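Worksheet for the structure shown next.
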Amino acid sequence: MRNKKGTPANKIQDLQFFGEFGGVNPSIADSSTFTYLAGKTMGDVFEGTREGCYLYSRHTNPSTSYLGQAIASMEYMNGAILSASGMGAITTTLLQLCSTGDEIISSRTIYGGTYAFMKNYLPKFNIKTTFVNTTKLAQIEAAITKNTKVIYCETMSNPLLEVSDINAIAQVAKKHGIKLVVDNTFTPMIFSPAKMGADMVIHSLTKFINGTSDTVGGVVCSDEEFIGEMIDVNSGSAMLLGPVMDSMRAASILKNIRTLHLRMKKHSENAMYLAIAFQKDGLRVIYPGLKNHPQHEMMKNSMNDGFGFGGMLVIDTKNKEKANELMEEMQNNNLGYLAVSLGFYKTLFSAPGLSTSSEIPEEEREEMGISDGLVRISIGLDNDIERTYNTMVDCMKKVGIL
Ligand SMILES: *Cc1c(COP(=O)(O)O)cnc(C)c1O
């Protein structure tokens, strides 16, 4: 449900972690293994009859635990497990939830790596995925079979920035006893999927949460029981496949997450400014903060207050050549970088093309408005967005889009 009172920003602010010598940041646990005073205690930990001891850092480590507590708390969940990449979190979660013969219903416009994993890799284990348009509840319901274990979607999709109605999807999932897994990478703090009924919430930390494009990382948040299953010494996908995050990285991401609320506000404020301005100029602009976005009202009614509609913006340059020309021109004018990824302090742009939308038939892609000329822009933290706008307009005029 809409989260008006407490905000995820308070959850981060209220974290109080001390370092070993009273440091204002927790000490980094720079160790792969941990000593025991008694041999019996170690045996008990292995047998699972004793908890709360660190044993080996592929299982748990104090530094990754601090970051896990922080993100779980921000997501209103009880547990979290960190991984070395977003894909590490996604793949281990799905492999923990699904066994041979099980089925997944997924949004067809998900992140390219997730799509490839479901389409090309999971069939090796006889796990089948049905791809649907998750903004259409009827399509999800129609795809449910007795073997469906997971419904998977992203809060905001690529490249059309479609917003899934997590509240409604969660009701369908609950009714059928299916787990709902939500990738919240595009909208940290903006959406709290667990409050809307998601069972697992995943982030690629590589993007907004870390915000400095200096590392890859991932997390899955859920209840303590599921997180416990994932790190079970005998059967846990995270423990046995081992995509563990390093303690140094966990410590650096924990410092960056302290400024996430400010960054999200600024990303959103800048994106909104540009979306309104370019729409006024006559460009086709996709941004969920605009009234003509198909899920604008639904998003407004289900998101948290105070963080805006996100930092992602898409403009249509009509064809691939123009898209490339514009991106090169913008990079030459130091407006940002022609690079994949998102959530960086500087603006990043890339042409999503058709790569992540290959499941969608050509004619429907056209109808949906997925063209070769789309440029996806992750708007940076520019202090003077009017100056940025003016330079962008110059670039657009130069390549003949405006
Ligand atoms: C980047 C991304 C991922 C994958 O994360 P990595 O950290 O690159 O492994 C997953 N989902 C979404 C929505 C992403 O943007």
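When a ligand or atom number is given, it counts from 1 through the structure's own listing order. Nothing here was measured: the structure is a model prediction, and the numbers come from that model.
For atom 8 (O) of ligand 1, the closest heavy atom belonging to the protein is Tyr111 OH, 3.9 Å. In terms of protein heavy-atom proximity, atom 13 (C) of ligand 1 is closest to Asp183 OD2, 3.4 Å. Given atom 6 (P) of ligand 1, the protein heavy atom at minimum distance is Gly86 N, 3.3 Å. Nearest protein heavy-atom neighbour of atom 15 (O) of ligand 1: Lys207 NZ, 2.7 Å. Nearest non-hydrogen protein atom to atom 9 (O) of ligand 1 is Met87 N, 2.8 Å.
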Q: Could you walk me through whether Lys322 and Glu329 pass salt bridge (charged side-chain N to carboxylate O under 4.0 Å, His left out), step by step?
A: CA-CA 10 Å; Lys322 286 284 173 217; Glu329 193 62 27; over 6 Å; no
(Q) Under the criterion side-chain hydrogen bond (donor to acceptor under 3.5 Å, both in side chains), I'd like the reasoning laid out for Thr187 against Thr155: C-alpha separation, chi angles, the key distance, then a yes or no. (A) CA-CA 7 Å; Thr187 48; Thr155 47; 2.6 Å; yes
(Q) Show, in sequence, the C-alpha distance, side-chain angles and deciding distance for Lys149 and Asp102, and conclude whether the salt bridge (charged side-chain N to carboxylate O under 4.0 Å, His left out) test is met. (A) CA-CA 6 Å; Lys149 278 280 152 60; Asp102 289 343; 3.1 Å; yes
Q: Before giving the answer on salt bridge (charged side-chain N to carboxylate O under 4.0 Å, His left out), spell out for Arg50 and Asp44 the whole-Å C-alpha distance, their side-chain angles and the decisive distance to 0.1 Å.
A: CA-CA 5 Å; Arg50 193 189 172 106; Asp44 292 348; 5.3 Å; no
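A cation-pi arrangement is found for Lys124 relative to Tyr121, the charged atom lying closer than 6.0 Å to the ring centre and inside a 45° cone about the ring normal. Geometric assessment of Lys207 against the ring of Tyr111 yields a positive cation-pi assignment under the 6.0 Å and 45° thresholds.
Listed by atom number, the atoms of ligand 1 under 4.0 Å from Thr206 heavy atoms are 6 (P), 7 (O). Of all the atoms in ligand 1, the ones that sit under 4.0 Å from a non-hydrogen atom of Phe186 are 13 (C), 15 (O). Under a 4.0 Å criterion applied to the non-hydrogen atoms of Gly217, ligand 1 contributes the atoms 7 (O).
Below 3.5 Å of separation, one finds no N or O of Leu342 facing any N or O of ligand 1. Inclusion of Glu154 in the set of residues having an N or O under 3.5 Å from an N or O of ligand 1 is not warranted. Ligand 1 has no N or O atom lying under 3.5 Å from any N or O atom of Thr114, backbone or side chain.
Annotation: Tyr389 is in aromatic contact with Phe278 [ring centroid separation under 6.0 Å]. Here the two rings, on His267 and Phe208, have centers that are under 6.0 Å apart.
At a heavy-atom distance under 4.0 Å, only side-chain atoms of Ile90, from C-beta outward, approach ligand 1.
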